[in-house]
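Beneath this line is the structure, given in structure tokens, with notes to follow.
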Amino acid sequence: MNQEEELLSQLNDVQQRAVKQIEGPVMVIAGAGSGKTRVLTYRIAYMLTRGISPFQILALTFTNKAAGEMKERIFKLVGNSNAKAVSMGTFHSIFYRIIRVEGSRLGYNQNLTVYDADDTKSMIKSIVKEMQLDPKIYVANYIQNRISSAKSSLFSEEDYAQNPEIREADARSGKPLIADIFMRYNQRLKSANAMDFDDLLYYMNVLLRDYPDVLYKYQQRYRYILVDEYQDTNYAQYLIIKKLAAAYQNICVVGDDAQSIYSFRGADITNILNFKRDYPTCEIIKLEQNYRSTQNIVNAANAIIKNNKDQMYKEIWTDNAEGSKINILKTGSDTEEAFAIADAIFEIKVNEQASHSQFAILYRTNSQSRAIEEVLIKRHIPYKIYAGLSFYKRKEIKDLMAYFRLAVNHYDEESLRRVINYPQRGIGATSVDKLLNCAAEHHERMWNVLTHPDDFNLDVNAPTKARMTDFAARIQSYTALLPTTDAFDLAKHIAESSGIVSALREDPSDKDRIENIEELLDSIKAFTEREPESAFNEVTGELISTYFPSLDHYLETVSLLGDDDEKDDTEDKVKMMTIHAAKGLEFDYVFVTGLEENLFPSSLCVNTRKELEEERRLFYVALTRARKRVMLTYAETRYKFGSLQFAEHSRFLDEIPEKYLNTTRKASAGKGSFSKPEKPSFAKTHSFSVRTNPFSPAVRPAAPKPTVQTKTEAELAQIGELATFDQIVVNKRVYHNKFGYGVVISTEGFGDEKKALVAFDTVGNKTLMLKFAKLIIPK
DNA sequence: ATGGAGACCTTTTTT
DNA sequence: AGGTCTCCAT
């Protein structure tokens, strides 16, 4: 067999079609677990074996991880040398490279800095302050969102300011000045020689729109274009692809409309739904065979997604075994939910000889992880939370990187403001403010005022001025070292001479931070030693022989990196993450937790059909992560923002046909540790009551009517029996003659000294001395 | 200038 | 509950 035949022999018929159709527009609808990555990588490998130049191939992904994995797999198929020259990466990283080459046309210079969400947020805050607006009305997050959505839809700041709908919407929301903020925001970015993430896409569009030679160049260069996760593209991405592909029309998009879960970030599902309209001659190939999950899981997931109106027809099926039915596990509280999960993990581990690493616990929101984490610790179950704070977002890392950035780009004001007095060097807030105002008055960059204070009559005292000059000189000394000192040596030099490390050494509690800095330096070391990933001239494809691993190159590669999330599969740990984070991954045993109304679906996403359908797709994604088994859990009570909330089970649970479930959903009386004999509970009587109005401020489900008047002995007897001290345990539902219904949160002490903290539905938390408080256990 | 106490605000988030 | 931000007291 030749290489080509060998590649094809490893694919099913439909996959082969998707791989072989390399000319013309192709859309591959890849159901969950249908071998999407396989098709993409084999397609590229196939093109290479057919003699297509790797320089002509552009493969776009959403995550660095996806790009990395694909690269690795292609290397394995066709060898390093050929595959390396394929332009494969995230939208942002590929366009960032092009913008660095072409940026002078946009008024940017080579040392372009990319501002991350933290940078832009702090910039917005500072603009709001500068404009003397109320930061409680002009909330940074909100403004950030408005600007980001605008840019993703290719609205310039003028478009934004002039669009009547936008003006009206902003006026109605009491924030008529967002357009002005937007304008200043862009001015600041430009003056800082910086772009935000959205700009990388926005300006790429500008280049292709306004410079026909640029359009022509990249159309000629990228004759074969592949796009992963096409359902997640926003308008800016969509249009770039469309323009680049216009000349040769060799465009292959791969995606699954059923797994579109990022519309809140501007992803536009209509891009995939309208592909046929954009490319009437396109071939549509559906990968419908699922290789991942059992029949039960596939069928249940199909049944769920059928409830969505916006979708492309497809019939996902599998040859795999029927498999276990799905378990639904109802518990009294978030803590009980966690214990039930721990029990189930233990049981499955024993019964099916599974290892911890085969389990994943998924949730809608990160905040749900804590209760689970606490219990897993108690039960000595090793776990790893994939979440939240990226390494690069840690304060000490950002601080040090700010020095790096400033050394490369003196106009990077966010970095300048961050480190001008860190570590403390006697340039306090007042002085910085003076510097800022002075720069603003003269329409000058902060850096220029800093280095020439007298030219601008900067009003600070002589010692402060000297400290400022010192600081600038220090940064300049770093800049001078850039061309000759490699990234690691310079980074190390900066870490030490800037005083960051010594400042951290002073406080023993900062030991972790020092370790993080060491870790960063290690990774920079690895960068300097690594063979350059793309030492090609982006335009000509020429090999660049004079590549030097400098700190500015390091910043270029790292500025678009999320977390390295060493997905150490070797570690035998249960994995915990949000469902969003789980997309694209698979596990043998999957717990989907918190299946409660207002949590999943989220209370913020049930107002429109589109929102609800996205939540449903999210549920679909969650289910289809599992190879062998799915366990769905929900709790009747849960702490939310510190207070106890009652919950109904999620409507999604009702959408799973009974035949795929292990137990009847109302009374989980089956065997196995998931099921608990159902005790008379609050939820049983109330969980099917009328849904609460999502618009009403009281999100919590209807609680029993507050008892204003105290009741007689006889009436109390109707409610339940007087509790003994022993019966008062955590999560127990109780009734108090004055405070009404509540749930025990914690207890303390024993016998006559025993106290209980009770969360009452109407009057909040009370600590009660049990020998005085006559608590009743409701029937 | 700096730190501690209170007020405030909470989704998901590939880049 | 917990993290972040602001403001006031030192």
Side-chain angles (χ1 to χ4, degrees), chain A residues 60-68 89-96 114-122 125 129 135-136 139-142 144-145 148 151-152 195-202 228-229 231-234 236-237 259-267 334 362-368 370-371 374 386-390 392-393 395 421 424-432 464 558-563 565 577-585 594 598-606 611 614-615 617-619 621-622 638-645 699 745 759 765:
Chain A
L60 298 166
T61 65
F62 274 83
T63 64
N64 292 298
K65 199 171 128 205
T90 63
F91 284 87
H92 292 83
S93 69
I94 298 275
F95 301 147
Y96 181 30
V114 178
Y115 274 9
D116 69 16
D118 283 349
D119 299 322
T120 56
K121 194 164 154 184
S122 97
K125 282 182 181 167
K129 196 174 159 192
K136 280 170 196 152
V139 181
N141 274 330
Y142 181 85
Q144 204 172 20
N145 251 316
S148 175
K151 288 188 177 183
S152 312
M195 289 191 183
D196 64 19
F197 287 140
D198 300 305
D199 281 340
L200 297 174
L201 307 175
Y202 181 89
D228 190 17
E229 308 277 19
Q231 77 282 352
D232 288 336
T233 48
N234 62 29
Q237 290 161 325
Q259 293 184 65
S260 165
I261 55 174
Y262 282 105
S263 75
F264 69 93
R265 295 271 294 162
D334 42 8
L362 309 182
Y363 30 79
R364 180 66 177 77
T365 65
N366 279 308
S367 61
Q368 290 168 253
R370 178 159 338 126
E374 280 168 11
Y386 292 78
L389 262 215
S390 149
Y392 297 102
K393 282 193 177 151
K395 183 185 173 302
N421 196 34
Q424 283 164 25
R425 49 176 67 86
I427 308 174
T430 323
S431 308
V432 175
T464 307
V558 89
S559 58
L560 295 174
L561 233 53
D563 213 347
D565 238 358
M577 65 190 86
T578 63
I579 301 167
H580 283 91
K583 189 176 161 208
L585 306 177
N598 296 324
L599 179 60
F600 193 15
S602 159
S603 57
L604 297 154
C605 306
V606 290
E611 284 173 344
E614 176 143 319
E615 292 289 292
R617 289 193 294 269
L618 194 56
F619 187 44
V621 167
R638 179 179 299 278
Y639 279 96
K640 242 181 194 175
F641 308 139
S643 73
L644 196 71
Q645 308 266 303
V699 183
I745 293 175
N765 290 359

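Convention: sequence-line order gives letters A, B, ...; per-chain numbering from 1. All of these numbers come straight from a predicted model, not from anything done at the bench.
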Atom pair CZ/CG of Phe619(A) and Leu362(A) - distance to nearest 0.5 Å: 11.0 Å

Separation of Tyr386(A) atom OH from dT13(B) atom C1', in whole Å? 19 Å

Taking the basic N atoms (NZ, or NE/NH1/NH2) and the acidic carboxylate oxygens, is any pair closer than 4.0 Å for Lys121(A) and Asp116(A)? no

Phe264(A) on top of dT12(B)'s base, within under 5.5 Å and under 30°? yes

What are the atom names and distances for every N/O pair under 3.5 Å that joins the protein to nucleotides 6-9 of chain C?
none

Between NZ of Lys395(A) and C1' of dT4(C) the distance, given in whole Å, is 14 Å

Answer with base, sugar-phosphate or nothing: what part of the nucleic acid does Asp116(A) contact at a heavy-atom distance below 4.0 Å? nothing

Verify the neighbour count for atom NZ of Lys395(A): are there more than 12 heavy atoms of other residues, nucleotides or ligands below 6.0 Å? yes

Should Ser367(A) be listed as having a side-chain N or O under 4.0 Å from OP1 or OP2 of dA1(C)? no

By centroid distance (under 5.5 Å) and plane angle (under 30°), are Phe641(A) and dT10(B) in a stacked arrangement? yes

Taking it one step at a time, do Lys640(A) and Asp334(A) satisfy side-chain contact (heavy atoms from CB on, under 4.5 Å)? CA-CA 10 Å; Lys640(A) 242 181 194 175; Asp334(A) 42 8; over 6 Å; no

Tell me: NZ of Lys583(A) to P of dT13(B), nearest whole Å? 12 Å

Report the relative orientation of the aromatic rings in His92(A) and Phe197(A); use parallel for angles under 30°, tilted for 30 to 60°, perpendicular for over 60°. perpendicular

Let me see the working for Leu60(A) and Thr90(A) under side-chain contact (heavy atoms from CB on, under 4.5 Å), right down to the final yes or no. CA-CA 5 Å; Leu60(A) 298 166; Thr90(A) 63; over 6 Å; no

When you compare the protein's N or O atoms with those of nucleotides 2-8 of chain B, which come within less than 3.5 Å of each other, and at what distance?
from: dT2(B); atom 1: OP1; to: Gln424(A); atom 2: OE1; distance (Å): 2.1
from: dT2(B); atom 1: OP1; to: Gln424(A); atom 2: NE2; distance (Å): 3.4

Between Asn64(A) and dT14(B), does any side-chain N or O lie under 4.0 Å from OP1 or OP2? no

Using only heavy-atom distances, decide whether a donor-acceptor pair under 3.5 angstrom links the side-chain of Arg265(A) to the base of dT12(B). no

Nearest-angstrom distance from the residue atom CZ of Arg638(A) to C1' of dT10(B): 16 Å

Can you tell me how far C1' of dT13(B) sits from CG of Asp118(A), to the nearest Å? 12 Å

Asn366(A) vs dT13(B): side-chain N/O to OP1/OP2 distance below 4.0 Å: yes

Protein-nucleotide distance (Asp199(A), atom CG; dT15(B), atom C1'), rounded to Å: 12 Å

Closest of dT12(B), dA1(C), dT14(B) to the Phe62(A) side chain is dT14(B)

Point-to-point distance, once rounded to the nearest 0.5 Å, from OG of Ser122(A) to OH of Tyr115(A): 8.0 Å

Quick one: label Phe91(A) by what it contacts on the DNA or RNA (base, sugar-phosphate, nothing), any heavy atom closer than 4.0 Å. nothing

Kindly indicate, with the supporting measurements, whether the criterion side-chain contact (heavy atoms from CB on, under 4.5 Å) is fulfilled by Thr61(A) and Glu229(A). CA-CA 7 Å; Thr61(A) 65; Glu229(A) 308 277 19; over 6 Å; no

d(Leu560(A) CG, Ile94(A) CD1) to nearest 0.5 Å is 10.5 Å

Within the 4.0 Å heavy-atom criterion, would you say Thr578(A) contacts the bases, only the backbone, or no part of the nucleic acid? sugar-phosphate

Residue closer to the 5' end of DNA chain B, Ile579(A) versus Asn141(A) (nearest nucleotide): Asn141(A)

Need one value for Thr430(A): base, sugar-phosphate or nothing, where a base atom within 4.0 Å counts as base even if backbone is also close, heavy atoms only. sugar-phosphate

Non-neighbouring partners of Asp198(A) that pass salt bridge (charged side-chain N to carboxylate O under 4.0 Å, His left out), sequence neighbours left out: none

As a quick check of understanding, evaluate side-chain hydrogen bond (donor to acceptor under 3.5 Å, both in side chains) for Gln144(A) and Thr120(A), giving each step before the final call. CA-CA 8 Å; Gln144(A) 204 172 20; Thr120(A) 56; 2.8 Å; yes

Closest approach to the side chain of Tyr262(A), judged atom by atom: which nucleotide of dT15(B), dT10(B), dT13(B) is it? dT13(B)

Pick the closest DNA chain B nucleotide for His92(A) and for Glu615(A) by heavy atoms, then say which residue is nearer the 5' end. Glu615(A)

Tell me which nucleotide among dT11(B), dG2(C), dT13(B) gets nearest to the side chain of Arg370(A). dG2(C)

May I have the distance from Asp334(A) (atom CG) to dG2(C) (atom P), rounded to whole angstrom? 13 Å

Please state how far atom CD1 in Ile261(A) lies from atom C1' in dT14(B), giving the value in whole angstrom units. 10 Å

